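Taking it in order: structure first as structure tokens, then the write-up.
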There are 2 protein chains.
Amino acid sequence: MKSVDKHNKIIVSATKVFAKKGFFNARISDIAKEAKVADGTIYLYFNNKFDILISVLEEEIGKIIDQIEKAIEQETDPVKMMTIFIEKHLSAMKQNKNLAEVIHIELRQSDRLVKEYRNTSFKQYIDVISTIIKKGQEAGIYRTDILPDIAKRAFFGALDEVSRIWTTPGNVKYTVEETSEQIIALFLSGMQTTT
Amino acid sequence: MKSVDKHNKIIVSATKVFAKKGFFNARISDIAKEAKVADGTIYLYFNNKFDILISVLEEEIGKIIDQIEKAIEQETDPVKMMTIFIEKHLSAMKQNKNLAEVIHIELRQSDRLVKEYRNTSFKQYIDVISTIIKKGQEAGIYRTDILPDIAKRAFFGALDEVSRIWTTPGNVKYTVEETSEQIIALFLSGMQTTT
DNA sequence: AAGAAGTGAATGACTATTCATTCATCTACC
DNA sequence: GGTAGATGAATGAATAGTCATTCACTTCTT
């Protein structure tokens, strides 16, 4: 029987290899070697190289989305929801640096399939943000002149770029906590002093 | 004599092809056809395929950096500096969609050379932001608990992701002006209502 | 022993790069 | 001012290397 174990081992190995070399420079034989299976075995579990990439994104990001959505469901305060989103996202990225790198690099592919992907699971992800914003606006906590459609992008972009701190060497000095606080400060209160 | 004209024609064509297909899926023959030259001619102007990509980034982003730096030099008010940065960046991206797409996609390559590139010209670009923040902090206009090193990333990430509005189809409805205003509102005043 | 799972060498498609050749333009000499 | 020779930009067919995918064969499991 094809084992779930092996499937996972290939996913994890592929994540590692994609993170290091990028999708196009990663060879199937690299992934096979990393996973300690034969090249051909990969094709028992995945249709083709691209299928591996999409699976990495689907399964691994899927886990994070689920986790964040579950944590936010419990909350009613839009400020806390936002805080949770930021903290969960950043700590997930810091914890799984390979995945973070794959997201940085590969979510930007111009390939049709990746674009499609970006339009489904990814969209779901950033729409969590606009939902939070809308709730906050209804509650009178967030300004109504903020357009959730633009703010959600700004927000995700900021988080994504900031999380590079942990994937580019020499920038390790910031903790998840202080980074989260910075993002919260920036987006909730803004940069200007309140005089 | 090798003409500057032809060099430019190749750069522009390459930008177009890279934007459409991404670096790895772009064939030299695609670029040659787009530029209406022979495949071999490309190698009279560039060392290899990668050299073309780096040249696109260097030359085209270089132009934007120069333009922004020049515009900001005139200013002393940190709020206006910030506003100018945002507006110039967004309008440059909206104007040159091919370049915007190449930046979205290719600036994330994990290739050594691209990473190196990201560490020079790109660094210079986002350091313009931290400089503005520091000036604002010295002037007492920006909060001093904001870390410029983190804020600059958040800021660039937000701008970059927001500018995708114009490269992904079906999102054309926002103007540069209203998008700029949103970003300014978000980063300067924050999302919370001031009650 | 049969069927499933695993193997990895062989295949074949793809394309970046090269280079022998062409040809338009320029220079020098009468 | 016209001709012969020199120059080097431009061409595109041929090369050479890479690697995803296949499949004939082996090993494991029940």
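Since we're looking at a predicted model, the values are computed, not measured. First the proteins, then the strands, lettered A, B, ... as listed; each starts at 1.
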Between B:Lys6 and B:Tyr45, is NZ or CZ placed under 6.0 angstrom from the six-membered ring centre and within 45° of the ring axis? no
Between P of D:dG12 and CD1 of B:Ile31, the distance in whole Å: 17 Å
Could you check how far CD1 of B:Ile28 sits from P of C:dC19, rounded to whole Å? 17 Å
Got a sec: does the CG of A:Asp66 have more than 12 other heavy atoms crowding it under 6.0 Å? yes
Should B:Tyr43 be listed as having a side-chain N or O under 4.0 Å from OP1 or OP2 of D:dA10? no
So, for B:Tyr125 and B:Phe85, is the gap between ring centers shorter than 6.0 Å? yes
Within the structure, does a side-chain N or O atom of B:Lys49 lie under 4.0 Å from either OP1 or OP2 of C:dT15? no
Rounding to a whole Å, what distance do you find between B:Asn48:CG and D:dG17:P? 17 Å
What is the distance, rounded to the nearest whole Å, between atom NZ of B:Lys6 and atom C1' of D:dA9? 8 Å
Would you kindly give the CD1-to-C1' distance between A:Ile52 and D:dA20, to the nearest whole Å? 10 Å
How about NZ on B:Lys94, more than 12 heavy atoms from neighbouring residues, nucleotides or ligands closer than 6.0 Å, or not? yes
Would you kindly compare A:Asn25 and A:Gly40 by the position of their nearest DNA chain D nucleotide and give the one closer to the 5′ end? A:Asn25
Could you give the CG-to-P distance, from A:Leu44 to D:dC28, as a whole number of Å? 16 Å
Round to a whole Å and report the spacing from CZ of B:Phe46 to P of C:dT18. 15 Å
Considering only side-chain heavy atoms of B:Tyr45, which listed nucleotide, D:dA10, C:dT7, D:dT11, is closest? D:dA10
Going by distance alone, is a donor N or O of one side chain under 3.5 Å from an acceptor N or O of the other, for A:His7 and A:Glu59? yes
Write down the distance between CD1 (A:Ile42) and P (D:dC23), rounded to a whole number of angstrom. 18 Å
From C-beta outward on A:Arg27, which listed nucleotide comes closest to its side chain: C:dA5, D:dA20, C:dT17? D:dA20
Checking contacts here: which listed nucleotide (D:dG12, C:dT7, D:dA10) is nearest the side-chain heavy atoms of B:Asp39? D:dG12
